[in-house]
Structure formats: C-alpha cells, structure tokens
Amino acid sequence: MIDPRQTAVLTRRRTDEPFQDQTKRTRQWARTPHGMRLVFEGRNGPQEYTYTHLDKVLILENPSRFPLGEGSLAEVGGEVWSTATEVLRFDHPAGAWARVFYTTKEGEGYTTRPAEEVRVVDNAADRPRAAEVLGYWRDLVAHLPDLNGGPHPLKRAYESLSTVHSESVLARYLSGAPIEEEPDQRLPIFPFSSNMSQHDALLQSLRYPVSVIDGPPGTGKTQTILNVLATLSATPGVRVSVVSANNAAVDNVREKLEKLGFGCIVAGLGRREKKDAFFAAQDDRNAAVERLLESDDGEQTRDADTPVEDQLRLLEGQILKLQHDERALAQLRQELEGHQLEFRHFTRYMEGHEVADLDGVPLLHRDPDRILDFLVETQLAEENPAWPLRWVRRLRWLMKYGRLKGADPGDSAVVLELQRAYYEQRIAELAWQGTYLEEKLARADLPGMTARQRELSLNYFRDGLRERYGGRARKTYDQRTYLDRFDDFSTDYPIILSTCHSLRGSIGAHRLLDYLIIDEASQVDLLAAGLALASAKRVVVVGDLAQLPHIPESSAVESAGTVPLPEYDYARHNLLSSLQELYGEELPRTMLREHYRCDPAIIGFCNEKFYDRQLIPFTQSTPGSRPLVLHTTVEGNHMRSHREGGRSNQREIDVIEREVIPQHCAEIPRGEIGVISPYRRQVTKIGGILVADLESIEADTVHRFQGREKRAVIMSTVLDETWRGHTGTHFVDNPNLINVAVSRAQEKFVLVTNHDMMPKTRNLRDLMEYVRYHDPEYVPHRSSLVSVFDLLYQRYSERLTVLAGRLRGEMKYRSEDIIWTILQDILAEDRFRDLEAIPQMIVQNLLPDLEGLTDEEAAYVKHRCSLDFVIQRRVTRRPVLAIEVNGFAYHENMPERRTKDALKKSIMEKKNLPLLTLPTTGSGEETRIRAALESVVEQHG
C-alpha cells in the first residue's frame with residue numbers, strides 16, 4: 001500500500017468535478033505511454049485503471065511536514081481540529097494540497113483538502129500569560145457549585161478550552177495585545193435610525209477588532225446593536241453572534257428584528273428549549289425568506305441614476321451636520337431648564353438680602369457674558385487693589401461697561417443685582433438661541449432626511465439578503481446534525497443568538513465567527529466571557545459600568561488559587577471593567593450620550609451623579625409636572641428583619657398604597673406603574689398587598705427591574721434609623737443600584753423612605769437632596785449654608801480664567817493655579833468623585849442670611865468677601881469645605897488683611913463650613929488638602 005505520509009493520490013471522473021482522495025485504496029501507480037496506471041484495492045481483489053486524461057489524476061509526493069503539538073493547531077475549513085497531530089503540504093503545478101492527520105478512537109485517520117482550506121495556527125492557550133490566567137479560571141470553574149442537580153454548565157465548557165485560536169479575541173485579550181486599527185470597509189447602514197453617538201459607535205465597531213459601546217439607560221444601545229447587525233449581515237458570508245449573560249437581552253434583539261420582518265436571518269440557539277423552538281419553526285422561517293425574495297419594498301423610491309451606496313454616503317454627511325445642531329438644541333434646552341431652576345432658587349434667596357437699585361445702569365441690559373466680565377474684572381481688582389491704579393480702572397470700566405451711576409462694585413448688594421440681571425439675560429439668550437435652532441432644523445426637515453436614510457438602508461439591507469438567499473434552495477436543519485453542515489447553516493442564519501456560556505456548544509467548540517456582540521457586558525463574568533471570546537475574531541462589547549454588575553460565586557472565589565494578574569480577577573471584574581483596566585485610555589470606546597427615556601429632571605440626577613454630566617436629554621418636561629417626589633414616613637422605626645431572612649417595612653407599603661399612588665400617580669395607568677425595592681422580602685409583601693389590590697401594577701427587586709422601564713416608578717428603601725436599619729445601608733446605598741432604580745422611570749420617580757431621610761447614607765442622601773433641589777417650594781428644614789448657583793459659577797469660572805489670562809498673561813495668582821491643579825487631580829479620584837471645586841465664590845452667595853454675625857462680619861460679607869475655593873457636593877451643590885490660599889505679601893505681611901482673614905474665619909465657623917488656610921510659605925499642601933477632604937467624606941459620606 002502507498003505510504004500516506006509520502007504520497008497522495010487524487011482522482012476525478014470529470015474535469016468539472018472536485019478531486020477525491022484515493023490514497024487509502026491505491027496499492028501502486030505507474031506512468032505509462034498511454035497515461036497513468038493505478039491499481040486500486042477492490043472488493044474482489046486488485047482493480048487496474050489507466051487514466052488517459054492526466055487532468056483527472058494527481059500524484060503528489062515529497063510533502064513538507066508540520067508536526068502539531070504544544071503551541072500549534074490545525075485549522076480545517078475555518079474550524080480548529082483539536083485532535084490533529086500533523087499537517088503535510090503537497091505542492092503541485094495544478095495547485096497545492098494539504099493532508100491532515102488526526103487521532104480517532106480506532107487509531108489514526110487523515111483527510112486531504114485544497115491547501116487554502118488548511119492552516120497551521122498558534123495555540124494561544126500555551127502562551128505563558130494565557131496559560132496562567134486560564135489555569136486560574138479553570139480552578140474557579142472546578143469550585144463552582146452544582147446547578148439543578150447536575151454539574152455547573154461551565155465545567156464541561158472549560159474542558160474544551162485547552163486550545164485557543166491565535167486569531168480569536170480571547171487570544172488578544174489574554175495576551176494584552178494592543179488594539180490597533182483593522183478597518184472593515186463595508187458600508188455602514190442605518191435601517192433602525194441613529195444619532196451622532198450611535199453613528200460613531202457603529203463606525204468604531206468596524207474600525208477596531210475590539211471596541212466598547214457605553215450604553216447608559218435610555219440611549220438606544222439595542223438600536224445601535226441592530227444597526228451593527230444590519231451592516232454586517234447585509235454582506236453575504238459574514239457570521240455574527242449576539243450573546244449576553246441571560247436570554248432577556250438577546251431576546252430583545254430578536255424581537256426587534258422580527259418586528260421589522262428580518263426574523264428569518266436569526267438562529268435562536270443556547271439552551272435545549274431554545275433550540276427545540278427554533279428548529280421546530282424552520283418551515284415558517286423558510287416561507288418568510290421566500291416572501292422576502294418576492295417583495296419589492298421600496299422599489300418606487302430608488303434612484304436609478306445614482307447607486308444606493310452614493311445616496312447613503314451623501315445623506316450620512318448631511319444628516320450628521322443637522323444632528324450636530326439637534327444635539328446643540330438639546331444641550332441648550334438642558335442649560336435653559338437648569339438656569340430657570342437656579343433662578344427660582346436665586347429669587348427665593350434674594351428675599352433675605354438687600355439688593356442695590358441700579359435702575360438706569362446700562363450694564364443691566366447688556367449680554368450676560370459682558371455682565372460676567374464686569375463681575376470678574378471687579379473681583380480681580382478687589383483681590384489686588386494696587387493693580388491697576390484706581391482711576392485707570394474706573395476709566396476702563398466706563399469705556400467698556402458704561403456709566404455705573406455711583407454703584408460700588410465692592411458692595412455685595414450691587415453684585416447680587418448684577419447676578420440677577422445675568423440670570424435674566426442668560427435665560428433670554430438661551431431661549432432665543434433655542435428658537436433659532438428649532439427654526440433651522442424645521443427648515444432642513446431632519447425627520448424627513450432620516451426617514452429617507454432609513455428607507456435606503458432597508459433597501460440596501462434587503463438587497464444584500466436577496467443576494468445571500470437568491471441562488472440557494474431552502475434547507476431544513478436537524479438539531480443533532482446542523483453542526484456537520486455549519487457552513488450552510490451559518491450562511492442561512494448569519495445572526496446567531498445565544499448566552500455567553502452556551503455559544504461554543506451552539507456553533508462548535510473550535511469555530512471562529514467573524515463578529516461577536518456582547519450585550520449587558522457589566523453583568524457578564526469573566527468565566528462566561530472567556531468562552532464567548534474564544535469563538536470570534538472581533539468583538540463589540542456593549543454595557544454600562546454604572547449599572548448593576550454580576551454577583552461572583554463566593555464559594556469559588558474562596559477556594560480558588562491566587563489571581564495571576566489583577567485585570568483577570570473574577571471577583572473584582574466583569575468583562576467591561578476588565579477591559580477598561582487592561583487597556584485604559586487605549587480602549588476604543590464610544591459613549592451613547594443622547595438620552596430618550598426619562599424626564600430631564602429624572603435622568604439629570606443620574607447624569608450628575610454617575611455619568612459626569614455627559615448625557616444629553618432629548619426629552620422635555622411637561623409644564624407643571626413634578627417628575628421627582630420625596631415621600632417620607634411618619635416618625636418611628638418601621639423596618640423589620642425576618643428570622644428566615646430578608647427585611648420589610650409595612651409602613652412604607654401602606655404609604656405607597658394609601659398616599660403615593662392616589663396623590664402622585666392618579667393620572668398614570670396601573671400597568672405603567674412599577675414598585676421596586678432592594679429587598680426580595682419587601683417585594684413579596686408588596687405583591688401580596690399592592691398588586692392584588694391594584695391590578696396590573698408590577699413589583700420586583702431593583703436588580704430584576706434592570707433593563708425595564710415604567711412611566712412611574714416608586715422605590716421603597718425599607719431602611720430606618722435604628723442600628724439594625726443601618727446594617728443594610730451598604731446594600732441599599734450601592735451607587736449602581738440607585739442608578740438603575742432612578743433610571744427606570746420615564747415620567748415620575750417617587751422615593752418612599754424613612755422620616756429622617758437617611759443622613760448617614762451617601763447616594764440616597766444625594767438623591768433626596770437632589771429631589772428637594774428640584775422642588776424649591778419643598779423646604780423640610782433650613783440649612784445654614786446654600787450653594788445652588790452652580791451654573792452661574794461655572795460660567796463665572798470660565799470667564800475668570802479667560803480674562804485673568806488676557807489681563808495679566810497668566811492665571812490670577814500662580815499660587816492659586818497650583819492649588820487648583822492639585823484639587824483637580826485629587827477630585828478626579830473615585831473616592832472624591834462626588835465633590836467638585838468652585839473658584840472665587842462670593843461668601844454672600846453661600847449664606848441664606850446674616851443671622852448670628854457681628855456688625856463687622858456682616859459688613860465684610862456685604863463688601864464682596866469671597867473664598868478662593870469652595871468644595872461642594874457635585875449633585876446637591878451643598879458646600880462642605882472652603883480653601884483659602886494666603887500669599888505672604890498680601891496676607892501675612894499686611895495687618896489689615898490679617899484682620900479680614902480673621903473675620904472670614906469667624907464667619908465660616910459660625911456657619912459651620914470648615915475653612916482650610918494654605919499659606920504660600922508653608923508646605924505639604926497636597927497632604928493637607930487630602931486630609932481635609934478625607935474628613936469631609938467621613939463626616940458627610
């Protein structure tokens with residue numbers, strides 16, 4: 001017999017047929033004058049055959065050998081063969097061939113394929129770093145508890161993870177390889193519409209092999225995923241999967257595709273029940289494909305003279321310009337509402353203060369930036385009265401701002417009146433700018449253009465699917481054998497839906513898809529993520545670190561070995577946070593910023609608290625509505641801990657049933673109301689009382705409400721002020737939990753909590769103070785300090801920096817510039833992220849009144865006394881620390897300044913605002929600032 005490691009014999013009957021490997025049954029061969037003579041092993045003995053046409057027979061010899069073992073794998077037809085032991089390559093003028101040897105239960109087998117179908121690739125699992133991480137993960141998996149009476153499903157899955165394709169995303173992730181551009185040149189399409197952020201996210205997913213889409217609540221992440229899927233599957237040959245930690249997220253994708261008539265391109269795999277339902281519905285699916293091929297949707301809208309690709313590219317550029325204006329309009333509305341609310345507070349604040357009469361002063365009617373310029377310049381002069389000379393200042397102010405009619409800019413009463421004028425002028429300016437943009441967008445007809453883009457995208461998508469299915473007969477697949485025909489199967493079903501841990505079993509353990517989309521990635525643990533990443537060449541990770549993460553299995557964490565590298569720590573990380581720590585600023589990320597779900601006041605809290613003010617609400621408040629409500633129980637401790645586990649608060653349930661729903665949700669249909677709580681026991685009691693009495697109301701835990709939304713959401717905190725109540729604070733006050741709870745509400749969010757309003761909490765307290773801030777008429781108690789004029793001081797700070805630099809060529813004082821830099825660095829740390837610094841705040845803007853001050857102190861306040869920096873809580877604007885930078889020449893060496901500094905210190909003490917003084921002749925400023933901030937955090941949370 002012929003040695004298969006030396007020779008390959010291939011024959012075919014006709015030249016239009018593929019060659020067949022005849023090596024196993026060939027006993028000998030020889031060239032003769034008449035052609036090629038082969039002797040085959042037949043059933044009845046040797047059979048001789050002479051091929052007179054030499055293009056029907058190939059004799060391949062002298063192969064190149066590629067032994068397989070540690071570090072290398074054989075990929076055959078796009079699938080890794082884990083049992084392959086050796087690859088031979090036969091080169092021939094008619095083309096190269098490869099022979100793959102593999103082990104079987106009976107011994108050894110081999111197959112011969114065209115060389116382009118076979119590759120030798122690296123086994124990334126054998127690389128030292130990857131092997132170490134995989135060993136740690138396997139240790140964790142080995143200690144996972146059984147589920148449903150059997151072994152944890154990850155255990156079997158990890159048995160097949162001994163090989164990792166070097167071109168898989170998992171190989172890149174485990175090695176920490178840099179993410180460099182690998183552009184996919186296909187045409188981006190938007191059959192599900194899009195905005196600027198969603199457009200950028202789609203382009204980035206085509207540009208990089210690993211990309212992240214940050215999808216805060218209500219920003220259209222599912223719509224973005226659908227546009228990515230349409231763009232990819234419009235091209236025949238691409239295979240993509242959408243996975244998540246559970247079926248809910250991927251079912252949402254499937255439902256949206258079905259609604260638009262594209263459910264026929266989706267294979268819903270995963271657990272057995274899912275597969276059963278999918279394979280049982282193939283006849284209906286094939287009929288849907290036929291209807292797609294026969295449809296002529298959109299034919300009447302096609303422009304025969306211009307290719308659809310060119311039309312789409314032209315529309316894309318035009319729409320992006322208008323969407324820039326649309327985003328600017330939304331930001332203007334956001335700023336306008338913020339200024340109007342702040343002005344309401346300012347008007348109430350002014351009731352307790354004297355205001356100068358500036359009638360006839362031209363500056364009152366100038367644009368708001370000019371008013372701010374005057375306030376800044378006079379502040380600079382107040383801080384440094386020797387520069388420039390007084391008469392020079394007065395002359396310049398006269399030329400620039402007009403006659404002041406004797407108004408003293410050092411008088412706080414004058415400053416208050418100018419601040420009032422600023423608010424009025426700025427509000428009018430914002431309203432005018434908004435009207436201008438509204439009219440511009442109306443003339444341009446952005447909705448009409450986006451509808452046209454969507455229609456053309458749908459046409460392009462359908463054309464791609466017709467090309468995919470047009471020349472193919474409809475097939476029916478069997479659950480037991482579809483993996484044997486996976487190339488055909490994935491051509492018919494280019495989008496595969498599954499869970500992370502089921503994907504490898506759904507497509508075959510050693511296949512690579514072109515793209516993988518992981519939704520709700522903050523809930524995907526690293527063990528499940530590793531399995532999914534092993535099955536694709538590129539990945540788009542979609543999630544939100546500010547929402548609830550997965551809960552690691554504590555028993556596995558306690559029993560497993562040491563974490564090899566912090567980036568792969570199962571207990572600390574989900575997939576999204578792991579990628580962030582691994583790549584830092586080099587990770588390609590796009591944040592979806594346009595928000596469409598909640599009332600601006602509701603999402604405003606999440607924006608301020610959790611998203612660094614990056615979200616742009618495209619919703620608008622209903623005039624006269626109260627989107628945020630704080631409803632407290634009467635005095636008394638009403639929380640109860642149950643012996644069998646859990647906590648409940650019957651008083652909060654009574655309040656919700658008898659007061660909250662009748663008073664605050666009367667106009668909202670019961671089916672659009674959700675009642676949530678952090679505690680399952682409370683939810684169970686709510687279900688037995690509220691849901692039974694008030695039909696259609698949904699009640700569930702905050703964790704299970706993630707991904708859902710209601711017009712009205714009522715949250716029961718359960719906590720009270722007892723020591724036992726405080727033991728639950730860490731759980732309930734979790735920032736991710738609070739973020740999810742608030743962002744479920746579209747029109748109204750009601751917080752039902754203890755009468756003392758949980759002063760020892762951090763996030764709940766900020767939420768309650770935010771609710772009260774947005775309802776100026778609700779004043780449950782009177783604070784000795786206020787600082788609600790954040791927007792005023794934001795613009796004031798900007799003008800201060802610009803004008804100080806223009807007037808002197810540098811910041812106002814180098815010493816203050818240094819402290820400002822230190823402050824920004826410290827406040828960027830996660831521990832202090834709830835704080836922000838405001839420069840040059842006028843003391844009178846901090847005090848609701850001058851009660852308790854001496855005449856001298858009151859006069860000093862009225863004379864435009866200011867603080868270099870005020871540290872305040874980001875969300876509630878509550879001041880918690882003041883910082884003064886005292887230069888030697890202007891403070892320590894000037895007796896009159898020392899007197900004023902002493903007055904300022906006394907005022908702050910009386911108003912309970914800590915004051916940190918930093919002399920420029922001292923040292924250790926960063927340490928002192930950090931210590932002061934630590935004290936603030938410990939005291940205020």
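Both backbone and side-chain heavy atoms feed into the values below; hydrogens, waters and symmetry mates do not.
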Nearest 0.5 Å please: distance from the [atom1] atom of [X] over to the [atom2] atom of [Y].
{"X": "L587", "Y": "S211", "atom1": "CG", "atom2": "OG", "value": "8.5 Å"}
{"X": "L202", "Y": "I213", "atom1": "CG", "atom2": "CD1", "value": "8.0 Å"}
{"X": "H595", "Y": "I603", "atom1": "NE2", "atom2": "CD1", "value": "4.0 Å"}
{"X": "L329", "Y": "Q323", "atom1": "CG", "atom2": "CD", "value": "13.0 Å"}
{"X": "I189", "Y": "E309", "atom1": "CD1", "atom2": "CD", "value": "10.5 Å"}
{"X": "E326", "Y": "E438", "atom1": "CD", "atom2": "CD", "value": "11.5 Å"}

Under a 4.0 Å N-O cut-off, is there an ion pair linking [X] with [Y]?
{"X": "D91", "Y": "R89", "answer": "yes"}
{"X": "D214", "Y": "K221", "answer": "no"}
{"X": "K537", "Y": "E167", "answer": "no"}
{"X": "D184", "Y": "R207", "answer": "no"}
{"X": "R593", "Y": "D200", "answer": "no"}
{"X": "E17", "Y": "R12", "answer": "no"}
{"X": "E337", "Y": "R333", "answer": "no"}
{"X": "R511", "Y": "E79", "answer": "yes"}
{"X": "D251", "Y": "K274", "answer": "yes"}
{"X": "E290", "Y": "R466", "answer": "no"}

Please check if the number of heavy atoms outside [X] that lie under 6.0 Å from its [atom1] is greater than 12.
{"X": "K321", "atom1": "NZ", "answer": "no"}
{"X": "H324", "atom1": "NE2", "answer": "no"}
{"X": "E586", "atom1": "CD", "answer": "no"}

Can any side-chain N or O of [X] pair as donor or acceptor with the backbone N or O of [Y] at less than 3.5 Å?
{"X": "Q746", "Y": "R711", "result": "yes"}
{"X": "T619", "Y": "C598", "result": "yes"}
{"X": "E294", "Y": "R291", "result": "no"}

Return the minimal non-hydrogen interatomic distance between [X] and [Y], and the atom names on each side.
{"X": "R504", "Y": "A534", "result": "NH1-CB, 3.5 Å"}
{"X": "T224", "Y": "G220", "result": "OG1-O, 2.9 Å"}
{"X": "G270", "Y": "S502", "result": "CA-CB, 3.8 Å"}
{"X": "G434", "Y": "L332", "result": "N-CD1, 3.9 Å"}

(message) Could you work out, with ring pair (Phe, Tyr, Trp, His ring centres under 6.0 Å) as the rule, every residue matching H199, not counting sequence neighbours?
(response) F190
(request) Output, in order, the C-alpha distance, side-chain angles, deciding distance and verdict of salt bridge (Lys or Arg N to Asp or Glu O under 4.0 Å) for E255 and K259. (result) CA-CA 6 Å; E255 290 165 5; K259 186 175 181 180; over 6 Å; no
Any side-chain donor-acceptor pair under 3.5 Å between [X] and [Y]?
{"X": "R13", "Y": "Q20", "answer": "no"}
{"X": "D544", "Y": "Y611", "answer": "yes"}
{"X": "Q547", "Y": "S522", "answer": "no"}
{"X": "E594", "Y": "S197", "answer": "yes"}
{"X": "R474", "Y": "Q282", "answer": "no"}
{"X": "Y173", "Y": "S578", "answer": "yes"}
{"X": "Q453", "Y": "E316", "answer": "no"}
{"X": "D492", "Y": "Y477", "answer": "yes"}
{"X": "R454", "Y": "S193", "answer": "no"}
{"X": "T112", "Y": "D21", "answer": "yes"}
{"X": "N607", "Y": "Q614", "answer": "no"}
{"X": "N123", "Y": "T163", "answer": "no"}

(message) Whether R468 engages the ring of F461 as a cation-pi pair (distance to the six-membered ring centre under 6.0 angstrom, angle to the ring normal within 45°) should be assessed.
(response) no
(request) Using the side chain to side chain contact (heavy atoms under 4.5 Å, CB included) rule, take L579 and V541 through it: C-alpha gap first, then chi angles, then the decisive distance, then the call. (result) CA-CA 9 Å; L579 287 170; V541 179; 3.8 Å; yes
(message) Run the side chain to side chain contact (heavy atoms under 4.5 Å, CB included) test on L465 and L292 for me, step by step, so that the C-alpha distance in whole Å, both residues' side-chain angles and the decisive distance to 0.1 Å come before the verdict.
(response) CA-CA 8 Å; L465 295 179; L292 174 68; 3.8 Å; yes
(message) Using the rule side chain to side chain contact (heavy atoms under 4.5 Å, CB included), only one of V169, I496, V540, V243 pairs with L516; which is it?
(response) V243
(request) Could you check L533 against L575 for side chain to side chain contact (heavy atoms under 4.5 Å, CB included), going step by step and ending with a plain yes or no? (result) CA-CA 10 Å; L533 295 176; L575 175 60; 4.1 Å; yes
(message) For Y596 and F618, take the angle between the two ring planes, folded into 0 to 90°, and tell me which bin it lands in: parallel under 30, tilted 30 to 60, perpendicular over 60.
(response) tilted
(request) Indicate the ring-plane relationship of Y482 and F489, choosing parallel, tilted or perpendicular according to the 30° and 60° boundaries. (result) tilted
(message) Set out, in order, the CA-CA distance, both residues' side-chain angles and the distance that settles side-chain hydrogen bond (donor to acceptor under 3.5 Å, both in side chains) for D276 and Q479, then state yes or no.
(response) CA-CA 8 Å; D276 289 342; Q479 184 171 171; 2.8 Å; yes
(message) Quick check on the 6.0 Å ring-centre criterion: do F486 and Y493 meet it?
(response) no
(request) For the pair R744 and E709, evaluate salt bridge (Lys or Arg N to Asp or Glu O under 4.0 Å) and give the outcome as yes or no after the intermediate values. (result) CA-CA 4 Å; R744 301 308 94 200; E709 59 189 67; over 6 Å; no
(request) Go through V164 and L73 one step at a time and tell me if the side chain to side chain contact (heavy atoms under 4.5 Å, CB included) criterion holds. (result) CA-CA 9 Å; V164 176; L73 304 165; over 6 Å; no
(request) Output, in order, the C-alpha distance, side-chain angles, deciding distance and verdict of side-chain hydrogen bond (donor to acceptor under 3.5 Å, both in side chains) for R452 and Q311. (result) CA-CA 10 Å; R452 174 65 173 164; Q311 296 181 61; 2.9 Å; yes
